[in-house]
Amino acid sequence: MSTPEAFQMTWRYDSWIYYYDLNKLTVLDYFKHSPFYDATCNNEVVLQQGGSTERIYEMEGLYYEPDLKTSSQDPTYFMIRKLHRERRPGGGGRGGAGRFRDRLLALYYVLGQGPGRGTVFALPDLHSVLRYNLSTSLHYANSAFQVLRERVKYNRGKHYTWDHSDRPENKNQELVQAASSSSSSTKQAQQQQQQQQQQNQQADSDTKHPMSTETETVTATETTTVKTATENNNQINDSGNNDDTNNEKKKKKDKKKLLDPNVAKLVNEVLAVTLYDSEDLERLRKQREQGIGGLGPGAM
């Protein structure tokens, strides 16, 4: 009888398939390399003694044989039977006929064609299949009854009620709420981390350059002072220029008040007629150029 673990195991020998041909006559030699093969079987005993394979049917114990009938009908796979040969009670007939009977222990399939050529599978027997399916069904039935038992709530006023808190839609809402809360907390943590980094950077800059702030303050103060002094000087210069301009205007007005143009012209004409001395004329000309006209004391 095969074990449940053997049903889930497969085997394949790529090197053997590459060098040798896999057919119904060589499949048993190929199967001998697999972990499904029992090296204590009668096949190995007869092989070591150098006898014919027909001696296997005259011996008691475990042995393997290929099913040639199945291979002839469908060459896409080969079947190997694991048998146990035992003696019948009573000894049987003459010549050994009917002395032994075979009991099937397991069946193995070997793929003969396709990409999985040479892969060996263990075929489960009926007892193993039923046991495996029944155990699986009982497991899920017990799980279902356990879930139902947890959801049933008893109340004296309402008697038995069902607890639907584990429904998928409720779980989805809880997941959405948890995701939103986690995202908001993550954003807050990131903002706090950024603020902390900015504060650390500011503290590091103040620690590394303590004189930079003072220098900037002094420079700004000096600049303000220079600007103020410049503005004051400009105001003083502007006021001085305005005073000079006003003084010149006053002088011109005073000159105009001292001498009337018509009177000065008349006096000069009279002096030009009455005085013929060259020195007097020269002195008169200089006075006229100086803007005094002919009203000086030497003109009289």
Side-chain angles (χ1 to χ4, degrees), residues 1-14 27-28 30-44 60-71 73-74 76-89 100-179 182:
M1 185 179 296
S2 302
T3 60
E5 292 79 7
F7 305 151
Q8 302 175 2
M9 183 176 63
T10 60
W11 177 84
R12 189 170 185 265
Y13 194 2
D14 295 332
V27 66
L28 186 59
Y30 174 76
F31 183 78
K32 289 180 180 180
H33 300 281
S34 70
F36 302 106
Y37 186 74
D38 189 355
T40 62
C41 63
N42 293 338
N43 302 75
E44 292 296 318
E60 291 186 80
L62 181 67
Y63 73 100
Y64 296 89
E65 70 171 2
D67 189 356
L68 301 179
K69 183 179 179 181
T70 304
S71 303
Q73 294 176 356
D74 191 354
T76 58
Y77 69 95
F78 308 102
M79 183 182 293
I80 296 176
R81 296 184 295 181
K82 182 180 180 181
L83 302 169
H84 185 271
R85 196 172 185 84
E86 58 186 13
R87 191 178 297 271
R88 288 178 180 273
F100 300 97
R101 64 180 180 183
D102 296 329
R103 185 163 55 92
L104 181 63
L105 299 180
L107 286 174
Y108 302 96
Y109 283 96
V110 182
L111 296 181
Q113 295 179 2
R117 182 169 177 263
T119 305
V120 181
F121 300 90
L123 181 67
D125 52 64
L126 181 59
H127 179 270
S128 300
V129 172
L130 292 176
R131 184 179 62 180
Y132 179 78
N133 290 336
L134 287 175
S135 61
T136 304
S137 301
L138 290 175
H139 169 72
Y140 286 111
N142 291 330
S143 300
F145 280 115
Q146 184 176 1
V147 172
L148 292 175
R149 190 181 303 111
E150 292 176 355
R151 288 191 175 184
V152 172
K153 304 296 182 181
Y154 178 75
N155 192 340
R156 292 183 178 180
K158 298 181 180 180
H159 300 288
Y160 289 98
T161 57
W162 293 97
D163 184 10
H164 300 290
S165 60
D166 294 338
R167 282 186 175 181
E169 54 270 19
N170 296 333
K171 290 185 177 180
N172 293 333
Q173 292 178 0
E174 292 177 358
L175 290 175
V176 170
Q177 293 177 359
S182 62

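Predicted model, so just to flag it, every value in this text is computed and none were measured.
Counting all heavy atoms, side chain and backbone alike, Glu60 lies closest to Arg87 at OE1-N, 3.2 Å. The heavy-atom pair separating Trp11 from His33 by the smallest distance is CZ2-O, 3.4 Å. Scanning both residues, Phe78 and Gly112, for their nearest heavy atoms gives CE1-CA, 3.6 Å. Pairing each heavy atom of Met79 with each of Tyr109, the nearest pair is CE-OH, 3.2 Å. When all heavy atoms are compared, the tightest approach of Arg85 to Asp102 is NH1-OD1, 2.9 Å. Taking every heavy atom of both residues into account, Tyr30 and Gly118 meet most closely at OH-O, 2.5 Å.
Annotation: the span from Arg81 atom CZ to Leu107 atom CG amounts to 8.0 Å, rounded to 0.5 Å. Leu111 CG to Thr76 OG1: the interatomic distance, rounded to the nearest 0.5 Å, is 8.0 Å. From Tyr63, atom OH reaches atom NE2 of His84 across 10.5 Å, with rounding to the nearest 0.5 Å.
The aromatic rings of Phe36 and Phe31 lie parallel to each other, their planes meeting at an angle below 30°, with 60° marking the opposite boundary.
Residues satisfying the side chain to side chain contact (heavy atoms under 4.5 Å, CB included) test with Thr136, not counting sequence neighbours, are Tyr132, Tyr140.
In this structure a side-chain-to-backbone donor-acceptor pair under 3.5 Å is missing from Arg101 to Glu86.
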Notebook entry, point to check: Which is it for Leu62 and Leu105 under the side-chain contact (heavy atoms from CB on, under 4.5 Å) test, yes or no, and what are the steps along the way?
Noted result: CA-CA 9 Å; Leu62 181 67; Leu105 299 180; 3.6 Å; yes
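Screening Asp38, Asn43, Asn42 for a side-chain hydrogen bond (donor to acceptor under 3.5 Å, both in side chains) with Thr40, the sole residue that qualifies is Asp38.
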